[in-house]
Amino acid sequence: MKRTAPVTFLIDFEENNLHRLAVTVHPNLRTFRRVTRKEGNQNAHQSEACCYQHNCLTYADRRIAHLHFCRERLNPEVIAHEATHAAHHRMRILGIPASHPEYEEQLATMVGDLTNRVIKSCRTLKIPIVR
C-alpha cells in the first residue's frame, strides 16, 4: 500500500537524552517541496531533503532539529547528509566548538548513529530506502 500522507517519527540523539530529532518522510517530491516551502525553505524548489534547526527546546517533544525527506529519493547518503546538519547543530547547542580536540570524533559518531537510527525506523515503518 502506498502512503499518501507524510510519516513523522522521533529519534533520541542518544539513549536517555534530552535532545531529540523529528523526521518526516513525505510521500513524493511535490508534497515535500510544498510543505517545506510553506515552512520557510527558501530553496524548496530545488531541494530533495532538508534539516530545520531549533535553537532551544520550544517543542514538547524535545526536538532540536527536524529532518524532511522525500520518499522517492530517500537513500543512505541523503540521510547521512541531513544527519550531519543535525549533529553539527547539536554540537553547537552543547557548546562544543569545532576546535575542540574530540569534536570531529564526536560528530562522526553522532552522524553514524543518527543515520542508523533513521534507517532502522524507516524499516520498522516499512518505508523503503532507495539504493
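Keep in mind it's a predicted model, so treat the numbers as computed, not measured.
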His81: which residues meet the ring pair (Phe, Tyr, Trp, His ring centres under 6.0 Å) condition with it, sequence neighbours left out? His85
Compare every heavy atom of Leu74 with every heavy atom of Pro128, then report the nearest pair and how far apart it is. O-CD2, 3.9 Å
All heavy atoms of Leu114 vs all of Ala86, minimum pair found to be CD1-CB, 4.4 Å
So which atom in Ile129 and which in Cys122 form the shortest heavy-atom distance, rounded to 0.1 Å? CD1-CB, 3.8 Å
Donor-acceptor pair, side chain of Gln53 and main chain of His89, under 3.5 angstrom: no
So, Asn17 versus Arg90: side-chain donor-acceptor pair below 3.5 Å or not? yes
Could you walk me through whether Gln46 and Asn43 satisfy the side-chain contact (heavy atoms from CB on, under 4.5 Å) test, starting with their C-alpha distance in whole Å, then the side-chain angles of each, then the deciding distance to 0.1 Å, before giving a yes or no? CA-CA 6 Å; Gln46 61 189 21; Asn43 297 315; 3.8 Å; yes
Flag the pair Val25 / Pro6 as yes when at least one side-chain heavy-atom distance between them is below 4.5 Å, and no otherwise. no
Please tell me whether His88 and Tyr103 have a donor and an acceptor in their side chains that are separated by less than 3.5 angstrom. yes
For the atom pair CD1 (Ile93) and CE (Met91), what is the distance rounded to the nearest 0.5 Å? 12.0 Å
Is the shortest side-chain heavy-atom distance between Leu21 and Leu10 below 4.5 Å? no
Within this structure, what is the CZ-CZ distance for the pair Arg71 and Arg73, rounded to the nearest 0.5 Å? 14.5 Å
Assess the side chains of Arg37 and Gln42: does a donor N or O sit below 3.5 Å from an acceptor N or O? no
Would you call Arg117 and Glu15 a salt bridge, using N to O less than 4.0 angstrom? no
How far does CG of Leu107 sit from CD of Glu102, to the nearest 0.5 angstrom? 12.5 Å
Has the side chain of Arg62 got a donor or acceptor atom that lies under 3.5 Å from a matching backbone atom of Leu18? yes
In Å, rounded to the nearest 0.5 Å, how long is the span from CZ of Arg33 to SG of Cys70? 8.0 Å
Of Asn41, Leu67, Thr24, the residue whose pairing with Tyr52 passes side-chain contact (heavy atoms from CB on, under 4.5 Å): Asn41
What's the spacing between Met110 CE and Leu94 CG if we round to 0.5 Å? 6.5 Å
Step by step, would you call Arg131 with Asn75 a side-chain contact (heavy atoms from CB on, under 4.5 Å)? CA-CA 6 Å; Arg131 293 287 171 193; Asn75 64 57; over 6 Å; no
List the atom of Pro97, the atom of Gly95, and the distance in Å for their closest heavy-atom pair. CD-O, 3.2 Å
Passes side-chain contact (heavy atoms from CB on, under 4.5 Å), Phe69 versus Cys50? Steps please. CA-CA 7 Å; Phe69 297 107; Cys50 64; over 6 Å; no
Student check: side-chain heavy atoms of Phe9 and Thr124 closer than 4.5 Å: no
Hey, does Thr8 have a side-chain heavy atom less than 4.5 Å from the side chain of Val23? no
What residue pairs, at least two apart or across chains, pass ring pair (Phe, Tyr, Trp, His ring centres under 6.0 Å) with a residue in residues 23-43? His26-Phe32, His26-His68
Starting from the C-alpha separation in whole Å, work towards a yes-or-no answer on side-chain contact (heavy atoms from CB on, under 4.5 Å) for Leu29 and Glu48. CA-CA 7 Å; Leu29 189 57; Glu48 296 180 0; 4.2 Å; yes
Keeping the roles fixed (side chain from Thr84, backbone from Ala80), state whether a donor-acceptor pair exists under 3.5 Å. yes
Roughly how far apart are Arg63 CZ and Asp12 CG, rounded to 0.5 Å? 13.5 Å
